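Just so we're clear, the structure is a prediction, and the values are computed from it rather than from any experiment. In each ligand, atom 1 is the first atom listed, and ligand 1 is the first ligand listed.
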Amino acid sequence: MCGIIGCVSEKAPVRDLLIRGLKRLEYRGYDSAGIAVESASGMALVREVGKIQRLEDAVGGLFVEATTGVGHTRWATHGRPSEANAHPHLSDDGTVVVAHNGIIENYRDLRAALEQDGVVFRSETDSEVIPNLIAQAWRGDLVDAVRASVAQLHGSFAIAVMHTAHPHVVVGARKDSPLIVGLADGRTLLASDVAAMLETTRDMIFLEDGDIAVLTSRGASILRFDGTPVERVPTRIPWDLARAEKAGFDHYMLKEIHEQPQVVGDALLGAIGASSEIRLEQLTLDDAVLRSLDRVAIVACGTSWHAGLVTKFWIERFARIAVDVDYASEFRYRDPVLDSRTGVIAISQSGETADTLAALRRAKVDFNARTIGICNVQGSTIARECDGLVMTHAGPEIGVASTKAFMGQLVAGFLFALRLAAARGTMSAHEARRLTDQVRRLPQWISKALLCADDVRAVAESVKDARGFLFLGRGANYPVALEGALKLKEISYMHAEGYPAGEMKHGPIALIDEGLPVVVIATRGPVYDKVASNVEEVRARGGRVIAVVNPGDDRVARQASAVITVPECDPLLGPMVNVVPLQLLAYEVARLRGCDVDQPRNLAKSVTVE
Ligand code: AGP
């Protein structure tokens with residue numbers, strides 16, 4: 001997820017507006033940034049690695065006269081953070097500038113064709129194909145060139161385009177990535193979201209997928225990719241700036257919970273081929289290496305450790321290879337049994353967690369193990385030091401309590417397990433196709449799961465003063481129970497414990513009484529009947545059951561004092577759907593208890609110390 005801003009102004013210079021707008025977009029990505037403006041000698045660009053402040057310092061006193069420009073702040077998905085990979089990108093012939101947010105699935109083919117035509121590329125990014133397609137298609141009309149180019153793009157994109165032959169014009173186009181036009185007196189803006197433009201205008205047009213906007217200083221005309229003109233009615237934005245940066249949500253955490261369908265969609269873009277082959281571009285371990293592995297060890301901390309437990313379930317099921325999952329802080333001081341045929345997977349949102357990094361280095365240096373990272377931050381230490389990498393594409397996660405990054409980790413783990421199974425020949429083509437068809441439906445299932453928010457809010461009201469919680473699950477839902485407990489602990493400061501449902505009778509059942517709500521994941525699957533029996537055990541001792549069930553459940557629901565319904569899906573994908581109500585429950589209880597949801601006490605977003 002990146003941030004784009006553009007502006008065409010009648011008189012007022014745009015440089016400071018672009019920089020300030022980028023600062024409002026920094027939460028969307030901050031590994032590099034840049035601005036491009038029209039100048040007498042063509043396009044002028046400044047791009048810097050790091051945060052916007054570094055860009056502002058580099059721009060210094062430049063561009064004081066410019067009245068048309070675009071800016072971009074990056075969250076790397078293809079190509080490490082560097083000046084060359086920073087946006088905006090300039091076409092090889094120097095005529096077209098583009099800032100892009102999204103993922104171009106077919107960029108390799110497009111790049112190869114352009115290189116065949118003699119185009120020289122200067123970055124590792126997917127985005128750089130766009131200005132070169134437009135430059136190649138241009139025959140005097142910029143809109144026609146943009147239309148011809150976007151027709152060739154597969155994937156997601158929001159773009160802001162300038163051309164040296166079309167001064168005082170910025171063209172925007174969007175498909176599956178947000179893009180908004182801002183209308184002000186004598187200035188017209190374009191941005192990834194409202195926050196970047198609010199200090200200039202509250203009158204905005206939310207472009208729809210397939211829209212192209214042509215901005216001049218007097219306003220914007222909008223047409224469809226097929227050239228048909230269209231009217232879009234401006235919206236007056238009531239939000240203040242703080243609320244705008246959370247897209248209207250009260251907290252970043254809630255915004256990020258609701259971003260999860262998009263996160264899954266982004267993670268799947270380009271990852272599944274037409275014949276269900278799994279394409280993990282940055283994994284860089286070929287089939288022979290994957291086949292040579294005789295076991296897997298997963299090392300991680302906290303929520304990422306829970307993602308590891310779910311990934312274990314899939315790898316053992318699909319690839320038929322033994323998997324251990326270790327807390328990194330334990331692994332690094334144990335005497336683990338590893339060798340060069342062990343695949344060590346380090347899961348880390350930040351890519352900087354000290355314990356996970358130390359465990360990874362131990363695996364490499366002491367045991368010569370093959371290492372794979374599942375990370376959310378391109379260019380982070382763990383991402384750089386692993387032999388292979390699977391990115392989670394969740395975008396910057398501002399809430400300290402991880403939600404969308406966890407979702408991204410689950411999708412990455414699922415895809416890796418399928419990839420490993422394909423390399424080892426342990427899964428039929430039919431099953432591979434069935435599972436990839438199912439995983440493509442995840443965004444809609446998660447969207448439907450989010451509809452339980454009102455029911456969850458009612459449950460939160462009823463349990464906000466409980467003395468503690470028990471979370472129960474079986475199979476791949478056991479780690480989800482652990483994650484639900486951790487979320488609640490982290491942000492509401494209430495005690496909560498996750499447990500395998502089958503283990504409850506071996507001790508924790510002594511805790512059961514009316515004052516200890518028991519949250520049970522009881523969705524349909526191979527162990528549903530066992531979970532239903534566990535629910536009856538809780539009820540027999542006067543316990544209060546909050547059940548996460550599928551529609552039409554009439555066995556567990558009858559026993560529960562509260563029911564939260566989530567859409568039924570393949571049980572193998574259940575963790576991605578079933579975690580949603582637990583995230584929302586933690587959020588609602590914390591909010592009711594007046595806790596600092598986004599920055600809970602004692603916690604840090606990345607624990608870079610032991
Ligand atoms: C998650 O909600 C917590 N903030 C914490 O457990 C986190 O998952 C853990 O510190 C690992 O962080 P990482 O994924 O960045 O390595």
Inset, instruction - State, to 0.1 Å, how close A394 and A405 come at their nearest heavy-atom pair, and which atoms those are. - result: CB-CA, 3.9 Å
Inset, instruction - Provide the number and element of each atom of ligand 1 under 4.0 Å from a heavy atom of Q349. - result: 13 (P), 14 (O), 15 (O), 16 (O)
Inset, instruction - For salt bridge (charged side-chain N to carboxylate O under 4.0 Å, His left out), just list the numbers for K312 and E316, CA-CA rounded to whole Å, side-chain angles, deciding distance to a tenth of an Å, and then say yes or no. - result: CA-CA 6 Å; K312 164 190 169 79; E316 291 185 338; 3.1 Å; yes
Inset, instruction - Ignoring hydrogens, just give me the one of A307, C301, C375, G302 whose non-hydrogen atom is nearest atom 11 (C) of ligand 1. - result: C301
Inset, instruction - Identify the protein heavy atom lying closest to atom 16 (O) of ligand 1, giving its residue, its atom name and the separation to 0.1 Å. - result: T353 OG1, 2.5 Å
Inset, instruction - List every atom of ligand 1 that sits less than 4.0 Å from any heavy atom of S304, numbering the atoms from 1 in the order shown and giving each element. - result: 8 (O), 13 (P), 14 (O)
Inset, instruction - Could you tell me which atoms of ligand 1, counted from 1 in the order shown, lie closer than 4.0 angstrom to a heavy atom of A401? - result: 2 (O)
Legend entry - Ligand-residue contact atoms, ligand 1 with V400, heavy atoms, under 4.0 Å: 2 (O), 4 (N)
Inset, instruction - Determine, for F249 and K255, whether the Lys NZ or Arg CZ falls below 6.0 Å from the six-membered ring centre while staying within 45 degrees of the axis. - result: no
Inset, instruction - Could you find the nearest protein heavy atom to atom 15 (O) of ligand 1 and give me its residue, atom name and distance? - result: S350 OG, 2.7 Å
Legend entry - N/O separation below 3.5 Å, T356 to ligand 1: no
Legend entry - Between H306 and F406, ring centroids under 6.0 Å: no
Inset, instruction - Using a strict cut-off of 4.0 Å, indicate which atoms of ligand 1 neighbour a heavy atom of S402. - result: 1 (C), 2 (O)
Inset, instruction - Please report the C-alpha distance between R591 and D250 in whole Å, then the side-chain angles of each, then the deciding distance to 0.1 Å, and finally whether the salt bridge (charged side-chain N to carboxylate O under 4.0 Å, His left out) criterion is met. - result: CA-CA 10 Å; R591 196 175 54 81; D250 288 337; 5.4 Å; no
Inset, instruction - Answer yes if the ring centres of Y478 and F313 are under 6.0 angstrom apart, and no otherwise. - result: no
Legend entry - Protein contact of atom 7 (C) of ligand 1 - nearest heavy atom, named by residue and atom, plus distance: T303 N, 4.1 Å
Legend entry - Residue pair G155 / D176: nearest heavy atoms and the distance that separates them: O-OD2, 4.0 Å
Legend entry - Heavy atom of the protein closest to atom 2 (O) of ligand 1 (residue, atom name, distance): E490 OE1, 2.6 Å
Legend entry - Modelled atom types, side-chain donor and acceptor of T381 and E352, under 3.5 Å: yes
Inset, instruction - Could you check atom 10 (O) of ligand 1 against the protein and tell me its nearest heavy-atom contact, residue, atom and distance included? - result: V607 CG2, 4.1 Å
Inset, instruction - May I ask you to list the atoms of ligand 1 that are less than 4.0 angstrom from any heavy atom of K487? - result: 1 (C), 2 (O)
Legend entry - Sub-3.5 Å N/O-N/O distance, L486 and ligand 1: no
Inset, instruction - Answer yes or no for R601 and Y493: cation-pi contact, defined as NZ/CZ to six-membered ring centre under 6.0 Å and angle to ring axis within 45°. - result: yes
